[in-house]
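Only one structure is covered here, and it is reproduced in the block below.
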Protein chains: 2
Amino acid sequence: MRSRISRAVIPRLSIYYRTLLLHKSSEVVSSGELSDLTGCTPAQIRKDLAYFGQFGTPGRGYIVSDLKKKILEILGIDKNWNVALVGVGNLGTALLSYKGFKEQGFNITAVFDNDLRKIGKRLEGITIQDINGLRRTVKNKEIQMAIVAVPAEEAQKIVTTLIKAKLRAILNFAPIRPQVPKSAELINIDLSIELEKLTHFLRQKV
Amino acid sequence: MRSRISRAVIPRLSIYYRTLLLHKSSEVVSSGELSDLTGCTPAQIRKDLAYFGQFGTPGRGYIVSDLKKKILEILGIDKNWNVALVGVGNLGTALLSYKGFKEQGFNITAVFDNDLRKIGKRLEGITIQDINGLRRTVKNKEIQMAIVAVPAEEAQKIVTTLIKAKLRAILNFAPIRPQVPKSAELINIDLSIELEKLTHFLRQKV
DNA sequence: TAGATTGTTAATCGATTAACAATC
DNA sequence: TAGATTGTTAATCGATTAACAATC
């Protein structure tokens with residue numbers, strides 16, 4: 001019986017994966033080498049990987065190509081994903097013009113806003129739609145994820161709408177923590193909180 | 001002797017603070033009420049606040065105005081902060097045009113890039129400078145924080161430069177984890193990692 | 001075989017939750 | 001006073017680290 005995977009493991013797999021990209025697929029890499037490159041301890045790396053099976057070789061280490069393939073599958077980044085963006089204010093527009101998503105296999109294929117002056121306009125080659133069209137578009141375009149970049153006041157309502165449209169993976173930039181059912185995964189990126197960690201640090205030092 | 005403050009406390013203070021903004025300063029609020037509004041447990045809220053002293057009233061709760069003031073001080077957001085932005089590619093430009101920072105008291109007062117075609121141009125009213133001018137500008141403009149939005153390959157070099165210029169608080173968007181001395185605080189916001197948490201979740205469900 | 005490194009169990013560490021005496 | 005809620009200590013939970021037999 002497989003023990004429950006610690007929440008902290010998945011983000012570390014992302015880190016391991018990027019490090020593996022620096023290696024030739026034919027190479028073998030040990031937990032010690034990965035430790036040097038990632039800053040995680042060798043024990044932690046072995047334990048993290050062991051959650052998903054035994055694919056190292058005692059005395060040698062891990063075959064880079066095997067490990068890459070395995071992590072790719074675990075993370076679900078062996079395919080592209082279609083993403084809906086809700087809210088094209090400052091931050092939303094910014095995220096839409098950010099090319100990093102597409103490079104990583106995340107395609108923003110639909111954009112929504114509730115501002116009548118914006119609806120119908122094109123941005124980065126995509127026509128801004130009314131949120132009412134969400135359900136149909138999600139189905140037609142096979143969208144699986146959503147990025148929320150609306151003001152705090154609207155975020156809960158939008159998230160509820162997304163859930164109703166059967167979206168189960170949401171990246172939220174609004175500075176609140178919307179409620180979602182357990183069947184969905186919501187990740188909050190709150191720039192204010194991050195900045196306030198820094199100001200707290202600076203204040204403390206004085 | 002004050003016990004060491006758990007790392008997880010500070011971001012929760014940010015959350016409590018925002019909830020307090022919804023209350024009149026003259027009101028009194030209990031850990032139970034804050035719990036309903038934040039999703040944190042009452043015990044956790046009381047424990048978090050108790051790290052910084054006793055400012056609740058048994059049988060009543062916390063006076064909103066006092067608590068606001070106290071958290072404002074702890075977080076260091078009772079003043080404005082000057083911020084340098086390094087890298088005006090896609091994401092950097094996006095962040096520069098994002099108005100949320102200024103609203104929270106974070107003023108981006110200097111912008112740097114290493115692209116000769118960009119240096120000297122103006123963006124959002126700020127002239128893009130060569131990174132060589134960093135040290136002088138940091139001093140002249142009393143900049144205390146930096147946002148890093150350069151490609152992964154350049155991030156470590158830039159962070160080292162920032163540290164040399166006596167900056168001690170850095171928000172990094174490059175998808176690597178640069179090394180910094182213990183005297184500095186570096187926070188990484190890695191959009192790929194966050195997205196991969198979501199794709200892992202979706203993959204797992206199938 | 002000798003040396004190296006995995007996979008796993010036990011020990012440690014740190015953070016959260018529960019419980020309750022003290023207090024308004 | 002009776003009811004409510006804090007501040008704090010002890011118990012629990014979960015994640016990380018250390019240690020080492022098994023294995024190449």
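The sequence lines fix the lettering, A, B, ..., with proteins before strands; numbering per chain opens at 1.
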Can you tell me the distance, in whole Å, between the [atom1] atom of [X] and the [atom2] atom of [N]?
X	N	atom1	atom2	answer
B:Arg4	C:dC13	CZ	C1'	11 Å
A:Lys70	C:dG7	NZ	C1'	15 Å
B:Arg60	D:dT6	CZ	C1'	13 Å
B:Phe52	D:dT6	CZ	P	17 Å
B:Tyr51	D:dT8	OH	C1'	11 Å
A:Lys47	C:dT9	NZ	C1'	9 Å
A:Ile5	D:dG14	CD1	P	15 Å
A:Arg7	C:dA15	CZ	P	18 Å

Kindly point out which of D:dT16, C:dT16, D:dT6 is positioned nearest to the side chain of A:Ala8?
->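 Of the candidates, D:dT16 comes closest.
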Flag if over 12 foreign heavy atoms under 6.0 Å of NZ, A:Lys102 |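 Result for NZ/A:Lys102: open.
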Considering residues, nucleotides and ligands other than B:Lys68, do more than 12 of their heavy atoms fall under 6.0 Å from its NZ?
->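 Result for NZ/B:Lys68: enclosed.
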Check whether any side-chain nitrogen or oxygen of [X] sits under 4.0 Å from OP1 or OP2 of [N], and answer yes or no.
X	N	answer
A:Thr57	C:dT6	no
B:Gln54	D:dG7	no
B:Arg12	C:dT16	yes
B:Tyr62	D:dG7	yes
B:Ser31	D:dT6	yes
B:Ser6	C:dG14	no

D:dC20 - base-pair partner by Watson-Crick or wobble geometry, distances under 3.5 Å =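 Looking at the geometry, D:dC20 pairs with C:dG7.
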Provide the Watson-Crick or G-U wobble partner of D:dC13, both distances under 3.5 Å; none if there is no partner.
->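 Matched D:dC13 with C:dG14 under the 3.5 Å cut-off.
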B:Lys157 bridged to B:Glu154 by N-O distance under 4.0 Å = no
Is it true that B:Glu185 and B:Arg7 make a salt bridge, defined as a side-chain N closer than 4.0 Å to a carboxylate O?
->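 So B:Glu185 pairs with B:Arg7 through a salt bridge.
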Check A:Gln156 against A:Ile176 and note the closest heavy-atom contact, atom names and distance.
->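 Where A:Gln156 meets A:Ile176 most closely, the heavy atoms are N-CD1, 4.0 Å.
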Touch class at under 4.0 angstrom, heavy-atom based, for B:Arg46 against every strand present | base
